[in-house]
Participant: 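One structure, as structure tokens, below. Some questions next.
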Amino acid sequence: MQEAEVRRATAAARAIASSLGLAAGDDAIILQNSNKLILRLLPCDVLARVAPVTQQVADLEVDLARRLTGSPVAALDPRVEPRAYEHDDYVVTLWTYYEPVAEEPSPAAYAEALHRLHAGLRVLDVPAQHFTDRAEQARRLLADRDLTPELPDADRELLIRTLASTTRTILERGGPDQLLHGEPHPGNVLTTKNGLVFIDFETCCRGPVEFDLAHAPVDVHGHYPGADREVLRQCRLLVLAMIITWRWDRDDQLPDGRRLGAEWFDQLRADLLTES
């Protein structure tokens, strides 16, 4: 969000918190600013997730948080009704704030938490896109040079081939589809004094568990029980091709995104070379 949007979004979060009886003064700490704004409101010490009405999936995130009892997911703030709130064209959800723990999670702990999350998600019947829909979104970006104007043709063709071949192999060899987090990378995992919790379910989708596992650090894979190594390898290639494509989108606003895209492209080429 740009500065003016940040001010409006912060004001919306404060207004909603105050209307619910939470003390939300002038002290709002920005924890993350991307497609949504993540704030720590003080002195009530609540975490507010704020997104424009047109870009929000707050109802889904609240529904999952309420239903995934016993799973390692961030909790909604217990002091208010668990739902999405609207104010001034923004949707706000209020969550428990977790004091960060400095130590990095071990690969075994990461895998165990993800496995528990998948067990909770497996029994839920929630409408969600398929992982192939996300791959198709990336393919459409690549097919339209106006949307990805700076991507060299050779790189474009490599990404298109990789999206197609990996998707086909995963569908042929993958295990049963289930509800997934969608992007359980380290940025969406909090280390708390009570263990790991997952946040940000806006990319929730259906597919084999290996698709989720492909977002985790490589050293996590060996600790996840029952993962199919070949399906996981294909999922990692697919995820790389997708996130590279997002970075070449003309409207991408990730800070330093183009540099990251170039680094990931080097990794993709190396992985494809190893596979061949």
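Just so you know, residue 1 is the first one in the sequence shown, and it goes up from there.
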Participant: Decide if atom CZ of R229 counts as having more than 12 heavy atoms of other residues, nucleotides or ligands within a radius under 6.0 Å.
Facilitator: no
Participant: State yes or no: do Y97 and I38 share one hydrophobic cluster built from I, L, V, M, F, W and Y residues joined by side-chain heavy-atom distances below 4.5 Å, directly or via other members?
Facilitator: yes
Participant: Assess, by modelled atom type and distance only, whether the side chains of R156 and T148 contain a donor and an acceptor separated by less than 3.5 Å.
Facilitator: yes
Participant: Do H118 and Q178 have side chains that approach each other closer than 4.5 Å (heavy atoms only, starting at C-beta)?
Facilitator: yes
Participant: Any side-chain donor paired with an acceptor under 3.5 Å for N188 and H181?
Facilitator: no
Participant: Does the pair E150 and R250 meet the rule for a side-chain contact (heavy atoms from CB on, under 4.5 Å), with working shown?
Facilitator: CA-CA 8 Å; E150 297 181 44; R250 69 181 183 191; over 6 Å; no
Participant: Could you walk me through whether L260 and E263 pass side-chain contact (heavy atoms from CB on, under 4.5 Å), step by step?
Facilitator: CA-CA 5 Å; L260 288 172; E263 290 181 2; 4.2 Å; yes
Participant: Using a strict threshold of under 4.0 Å (side-chain N to carboxylate O), is an ion pair present between E183 and R134?
Facilitator: yes
Participant: Just wondering, do I170 and L238 contact through their side chains at under 4.5 Å, heavy atoms?
Facilitator: yes
Participant: Could you tell me whether D63 and R67 have a side-chain N and a carboxylate O separated by less than 4.0 Å?
Facilitator: yes
Participant: Over 60° means perpendicular and under 30° means parallel, so tell me whether Y224 and H115 are parallel, tilted or perpendicular.
Facilitator: perpendicular
Participant: May I have the step-by-step check of side-chain contact (heavy atoms from CB on, under 4.5 Å) for T10 and L39, ending in yes or no?
Facilitator: CA-CA 8 Å; T10 301; L39 301 167; 3.8 Å; yes
Participant: Can you tell me if E81 has over 12 outside heavy atoms packed within less than 6.0 Å of its CD?
Facilitator: yes
Participant: Is any NZ, NE, NH1 or NH2 atom of the basic residue among D155 and R269 found under 4.0 Å from an Asp or Glu carboxylate oxygen of the other?
Facilitator: yes
Participant: For the pair E5 and R8, find out whether any cationic side-chain nitrogen is under 4.0 Å from an anionic carboxylate oxygen.
Facilitator: no
Participant: Would you say that more than 12 heavy atoms from the other residues, nucleotides or ligands in this model lie under 6.0 Å from the CG of D256, or not?
Facilitator: yes
Participant: Does some side-chain heavy atom of L22 sit less than 4.5 Å from a side-chain heavy atom of I16?
Facilitator: no
Participant: Taking the side chain as every heavy atom from C-beta outward, state whether L124 and L68 have any pair of such atoms under 4.5 Å apart.
Facilitator: yes
Participant: Quick one: do E210 and R236 make a salt bridge, cutoff under 4.0 Å?
Facilitator: no
Participant: Quick check: does any side chain N or O of Y85 sit under 3.5 Å from a backbone N or O of A12, one acting as donor and the other as acceptor?
Facilitator: no
Participant: Can you check whether W264 reaches I243 side chain to side chain, under 4.5 Å on heavy atoms?
Facilitator: yes
Participant: Answer yes or no: is there an ion pair linking D200 with R49, defined by an N-O contact shorter than 4.0 Å?
Facilitator: yes
Participant: Which residue is it: D27, D45, D77? I am looking for the one with a salt bridge (charged side-chain N to carboxylate O under 4.0 Å, His left out) to R40.
Facilitator: D45
Participant: Which class fits the ring pair F198 and Y110: parallel under 30°, tilted 30 to 60°, perpendicular over 60°?
Facilitator: perpendicular
Participant: Under a 4.0 Å threshold between the charged nitrogen and the carboxylate oxygen, would D153 count as salt-bridged to R145?
Facilitator: yes
Participant: Are the side chains of L64 and L179 in contact, using a 4.5 Å heavy-atom criterion?
Facilitator: yes
Participant: If you define the side chain from C-beta out and look only at heavy atoms, does anything of L37 sit under 4.5 Å from Q32?
Facilitator: no
Participant: Test your reading of the model: is there a side-chain donor-acceptor pair from D212 to the backbone of G182, 3.5 Å cut-off?
Facilitator: yes
Participant: Keeping the roles fixed (side chain from R247, backbone from M242), state whether a donor-acceptor pair exists under 3.5 Å.
Facilitator: no
Participant: Would you say T192's side chain and N194's backbone share a donor-acceptor pair under 3.5 angstrom?
Facilitator: yes
Participant: Would you find more than 12 non-hydrogen atoms of other residues, nucleotides or ligands less than 6.0 Å from R66 atom CZ?
Facilitator: no
Participant: Do T203 and L180 have side chains that get closer than 4.5 Å, going by heavy atoms?
Facilitator: no
Participant: Would E136 and F131 count as a side-chain contact (heavy atoms from CB on, under 4.5 Å) if you check the C-alpha gap in whole Å, the side-chain angles of each, and the deciding distance to 0.1 Å?
Facilitator: CA-CA 9 Å; E136 175 61 16; F131 83 93; over 6 Å; no
